[in-house]
Amino acid sequence: PGLVAAVTTLIARHNANIVSLDQYSDNPEGGDFFQRVVFHLPDLPAAFEQIENDIAETLEPYGMTWRLTDQSIPKRMAVLASTSDHCLLDLLWRHRRGELPVSIPMVISNHTNMAEDVRSFGIPFFHVPSQGPDKSAAEAEIVKLLAGNVDFVVLARYMQILSDDFIQDVGVPVINIHHSFLPAFIGAGPYRKAKERGVKLIGATSHYVTKDLDEGPIIEQDVVRVTHADSAADLQRRGADVERAVLSRAVLWHAQDRVIRNGNHTVVF
């Protein structure tokens, strides 16, 4: 009790104007409480440190974990991709249109087929081959490229299994996208396998990457209905459409600090 009032009073104390306020509690009696507040304050950089200190002092009695970010500063997003271009090019297109509040300092791929497409957007392209069972050298090179240069990483159909060491060494959130047939249709040709089983729904899942493959906290999912008349190629085409939409929403929400991770669960405001 009193937490929302403490936060809103603090904002008023700094003569800032609340733009939006979202909150959620998973149990009103002893549960976890989550809140996201967007406020506007002219010349925020000058007051940033003072507001941080005030937040720390105000919220200390509540034992609350908090983070203050300046939304006028776009997050730096690196993209890793392989040979499939639909998710990568969609992100680059949306970024060029100003739909994603990010900067893209680099695209890294273990293939070269998309190099010219990426460079046509004015974004640096780096080729880091990754062959054979030992991926440690490739991962070390990628970590070297990313170090200090990005705020989060997006795997835009990057078809390499990342090691636990890589996830730890990269030190920033990593977002992945994949079809939602898992775990039913594992491995190569999932759309062919799905067609053979007569699936009626296809979809996509975007999640944070953890050491447990494809089991990290889910950010966004979506599905579309299909019928017996759709070929495996139709399923793959429609699946690619869903993947693009789901990944772009996940990236947008992460960039806007709308996603709060709570263990292997997410609250998305």
Side-chain angles (χ1 to χ4, degrees), residues 71 74-128 142 145-146 149-160 162 170 172-182 190-191 194 201-209 214 216-226 230-259 266 268:
Q71 287 285 292
K75 287 181 170 56
R76 301 167 298 172
M77 177 184 79
V79 185
L80 272 62
S82 290
T83 57
S84 297
D85 64 359
H86 58 286
C87 285
L88 169 62
L89 295 182
D90 182 76
L91 290 176
L92 299 184
W93 178 74
R94 292 177 189 274
H95 171 258
R96 186 169 66 184
R97 285 172 53 86
E99 295 181 9
L100 298 176
V102 299
S103 62
I104 306 178
M106 68 187 76
V107 169
I108 302 172
S109 178
N110 56 327
H111 295 274
T112 59
N113 62 300
M114 292 183 287
E116 291 307 312
D117 285 332
V118 172
R119 289 169 180 150
S120 71
F121 284 88
I123 294 172
F125 177 90
F126 296 91
H127 176 223
V128 180
I142 294 174
L145 288 168
L146 297 176
N149 295 315
V150 299
D151 298 305
F152 70 106
V153 176
V154 174
L155 307 181
R157 301 294 291 163
Y158 183 64
M159 307 306 290
Q160 299 289 308
L162 301 175
V170 74
V172 296
V174 180
I175 296 173
N176 192 23
I177 182 72
H178 60 71
H179 59 76
S180 288
F181 293 142
L182 296 174
Y191 288 96
L201 289 173
I202 60 174
T205 294
S206 185
H207 63 91
Y208 289 112
V209 176
D214 293 330
I218 293 172
I219 307 170
E220 171 65 337
Q221 294 178 296
D222 205 353
V223 295
V224 293
R225 294 198 64 85
V226 295
D230 290 305
S231 67
D234 292 331
L235 299 187
Q236 188 165 5
R237 174 182 55 79
R238 299 188 68 185
D241 288 341
V242 180
E243 288 176 6
R244 286 196 294 262
V246 168
L247 181 59
S248 67
R249 290 198 292 266
V251 167
L252 175 64
W253 296 342
H254 177 84
Q256 293 177 329
D257 293 297
R258 292 184 176 274
V259 186
T266 58
V268 183

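From a predicted model like this one, the values you see are computed outputs, not experimental measurements. Atoms considered below: every heavy atom in the structure, side chains included; atoms not considered: hydrogens, waters and symmetry mates.
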Inset, instruction - Sort and list the pairs that fulfil side-chain hydrogen bond (donor to acceptor under 3.5 Å, both in side chains) and have at least one residue in residues 106-119, not counting sequence neighbours. - result: S82-N110

Among residues at least two apart in sequence or on other chains, which ones pass side chain to side chain contact (heavy atoms under 4.5 Å, CB included) with [X]?
X    : value
V224 : I202, R238, V242
Q256 : R36, Q71, P101, L252, W253, R258
D234 : D230, S231, R237

Shortest non-hydrogen contact from [X] to [Y]?
X    : Y    : answer
V172 : F152 : CG2-CA, 3.9 Å
M106 : F126 : CB-CE1, 3.7 Å
P124 : V118 : O-CG1, 4.2 Å
A78  : V150 : CB-CG1, 3.5 Å
R249 : D222 : NH2-OD2, 3.1 Å
I175 : V209 : C-CG2, 4.4 Å

Inset, instruction - Keeping to residues at least two apart or across chains, list the salt bridge (Lys or Arg N to Asp or Glu O under 4.0 Å) pairs with something in residues 98-107. - result: R94-E99, R97-E99

Inset, instruction - Find the distance between CG (L162) and CG (L80) and round it off to the nearest 0.5 Å. - result: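 L162 CG to L80 CG: 7.5 Å, rounded to 0.5 Å.
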
Inset, instruction - Just jot down the ring-ring contact (aromatic ring centres under 6.0 Å, His included) partners of Y208, sequence neighbours excluded, or say none. - result: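 For Y208, the residues satisfying ring-ring contact (aromatic ring centres under 6.0 Å, His included) (neighbours in sequence not counted) are H254.
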
Inset, instruction - Spell out, as yes or no, whether a donor-acceptor pair under 3.5 Å connects the side chain of D151 to the backbone of R76. - result: yes

